[in-house]
Amino acid sequence: MATDRMQGRDRRLQWPLYIGARFVSEAAALAMSVAVGWTVYKASDSPLALGVAGLVQFVPIVTLSLPAGELCDRLSPRPVIVAGLALQALCALALFGWTAWGASILWPLFGVLALYGVARALVEPAEQALLPLLVAPRDLPRAIARGSTAWQLAVISGPALGGLASAFGSAVAYACCALAFLAALAALAALDVRRPPHVDVAGWRERVSRIVDGVRFVKSEPIVLGAMSLDLFAVLLGGATALMPIYARDILKVGPLGLGLMRSAPAIGACLCAYVQSRRPTMRRAGPTLFAAIAVFGIATLVFAVSRSYVVSLVALVVVGASDMVSVNLRSAMIQLRTPDALRGRVSAVNVLCIGASSELGAFESGVAATWLGTVPSVAAGGIGALCIAAIWMAAFPALRRVDRMPRAD
């Protein structure tokens with residue numbers, strides 16, 4: 001009996017340990033993103049360089065996310081996360097060295113960012129696949145909302161701390177990020193999670209077949225396919241994150257600390273929204289609520305694009321984050337609740353592929369559009385694009401639009 005009670009206490013420690021590790025790793029990742037954006041734009045004065053920084057991360061993500069998902073299903077998500085965090089720490093140390101050396105040539109920095117994309121391809125599908133192995137299926141919607149709250153707290157603090165550290169020098173930010181990645185690695189390495197079903201794989205052909213199985217499952221489920229592709233195209237067109245260094249330095253003139261606060265503003269709205277959803281999860285009219293959230297996201301992006309007031313811009317970004325969090329939580333619950341345990345890693349990898357494409361490829365799209373059209377018109381066009389995507393997806397995926405009830409935790 002004493003052993004059973006001890007094991008029960010150990011199991012109860014898993015969830016706080018996971019939340020703490022995710023908080024630290026996400027805060028570090030966002031702080032480094034702010035530092036990288038400021039470093040690249042300061043060194044180049046080019047929107048296109050900001051786009052290239054996103055593109056070099058996108059290539060390894062699109063190439064390796066699916067194999068990483070198969071690896072999670074065949075082994076376990078935990079060792080994959082540990083390997084990815086170790087690589088993230090090495091990348092942060094490399095950027096520290098590049099900055100401390102006073103280098104101005106960007107191609108070594110882009111090379112480190114490509115390696116950082118490899119690390120993210122390992123970490124992100126494993127993080128998504130790990131959560132369902134820590135909680136019971138009936139508790140998953142609420143766990144997603146609570147986990148999102150902790151994640152968004154990291155997204156609030158991470159960019160703000162990254163902007164503050166960058167004000168003292170980007171090397172300071174990179175050094176702190178490396179230490180944070182190592183701390184998260186140690187916490188996740190201590191987790192004892194339920195393993196996915198054991199699979200014996202004979203060779204690379206069977207591994208490729210297993211990867212394709214995850215893609216086939218997504219294609220066979222209209223709700224899953226619609227939810228993933230909606231995020232891909234709405235954020236691909238509507239995201240303005242990559243161009244925030246331009247707004248901070250040239251349009252709003254608020255410097256690196258102001259940039260950090262701008263990057264934190266969407267997370268403030270998202271965190272408030274995630275807290276409300278954790279207390280009162282969306283149980284009815286989930287599909288219509290999802291599309292309404294995308295529409296609000298597009299409108300708020302338009303307001304941010306044309307604003308010349310720092311306060312108005314911050315409020316618009318708060319609304320962007322709140323609407324995006326409604327969408328994220330609803331899509332995550334729909335996807336996870338329709339995915340069997342044996343496919344979680346591979347389906348999560350497809351989802352990460354969509355998210356990575358919308359973020360990193362979206363950054364490249366934003367950089368190119370800003371080079372051709374100008375910064376403000378390109379961001380405004382992105383907001384209009386998000387509204388168009390919501391309308392098109394409502395017609396193209398009626399099953400997603402008609403989703404009503406979400407499972408309720410007991």
Side-chain angles (χ1 to χ4, degrees), residues 21-22 24-44 46 48-65 67-68 79-127 154 158-159 161-189 241-242 245 256 259-260 263 352 356 359-361 363-364 367:
R22 191 175 185 195
V24 171
S25 66
E26 292 295 340
L30 269 296
M32 197 157 89
S33 177
V34 170
V36 166
W38 187 257
T39 300
V40 170
Y41 190 60
K42 183 178 179 181
S44 66
S46 169
L48 186 58
L50 292 171
V52 172
L55 182 63
V56 296
Q57 294 177 71
F58 166 74
V59 172
I61 289 175
V62 76
T63 305
L64 299 176
S65 289
V80 179
I81 293 176
V82 169
L85 287 172
L87 189 54
Q88 283 182 310
L90 287 175
C91 290
L93 289 173
L95 290 174
F96 168 79
W98 184 88
T99 307
W101 187 262
S104 58
I105 301 174
L106 287 179
W107 67 262
L109 184 146
F110 290 148
V112 174
L113 292 180
L115 192 61
Y116 186 69
V118 174
R120 290 186 55 195
L122 294 174
V123 169
E124 294 187 10
E127 279 187 339
L161 292 173
L164 179 62
S166 295
F168 292 97
S170 296
V172 175
Y174 297 135
C176 293
C177 289
L179 293 174
F181 286 133
L182 291 174
L185 184 157
L188 287 172
T241 302
L259 171 62
R263 287 290 302 271
V352 167
S359 299
E360 274 64 44
L361 190 59
F364 180 67

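Residues take their numbers from the sequence shown, with the count starting at 1.
At least one side-chain heavy atom of T39 sits under 4.5 Å from a side-chain heavy atom of W98. A 4.5 Å side-chain heavy-atom check between K42 and P256 finds every atom pair outside the cut-off. A 4.5 Å side-chain heavy-atom check between V112 and Y174 finds every atom pair outside the cut-off. Side-chain contact between R120 and Q88 is present, with heavy atoms from C-beta onward closer than 4.5 Å. Using a 4.5 Å heavy-atom cutoff, the side chains of L95 and V36 are in contact.
Here the closest non-hydrogen pair linking V118 and L87 is CG1-CD2, 3.9 Å. The two residues A173 and S166 come nearest to each other via the heavy atoms CB-OG, 4.2 Å. The shortest heavy-atom contact between L188 and A21 is CG-CB, 3.5 Å. Of all the heavy atoms in A154 and E26, the pair that sits closest is CB-CB, 3.9 Å. Heavy-atom minimum distance, L259 versus P245: CD1-N, 3.7 Å. Nearest heavy atom pair, residue L106 against residue A43, reads CD2-CB, 4.0 Å.
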Trace of the side-chain contact (heavy atoms from CB on, under 4.5 Å) decision for C176 with L161 | CA-CA 10 Å; C176 293; L161 292 173; over 6 Å; no
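Proximity of a side-chain donor or acceptor of S46 to a complementary backbone N or O of A49 within less than 3.5 Å is detected. Of the possible donor and acceptor atoms, none in the side chain of T99 sits under 3.5 Å from a partner among the backbone N and O of F96.
In this structure, L48 CG and L55 CG are separated by 9.5 Å, a value rounded to the nearest 0.5 Å. Here S25 contributes atom OG and I81 contributes atom CD1; the two are 8.5 Å apart, rounded to the nearest 0.5 Å. Distance OG/S33 to CH2/W38: 14.0 Å, rounded to 0.5 Å.
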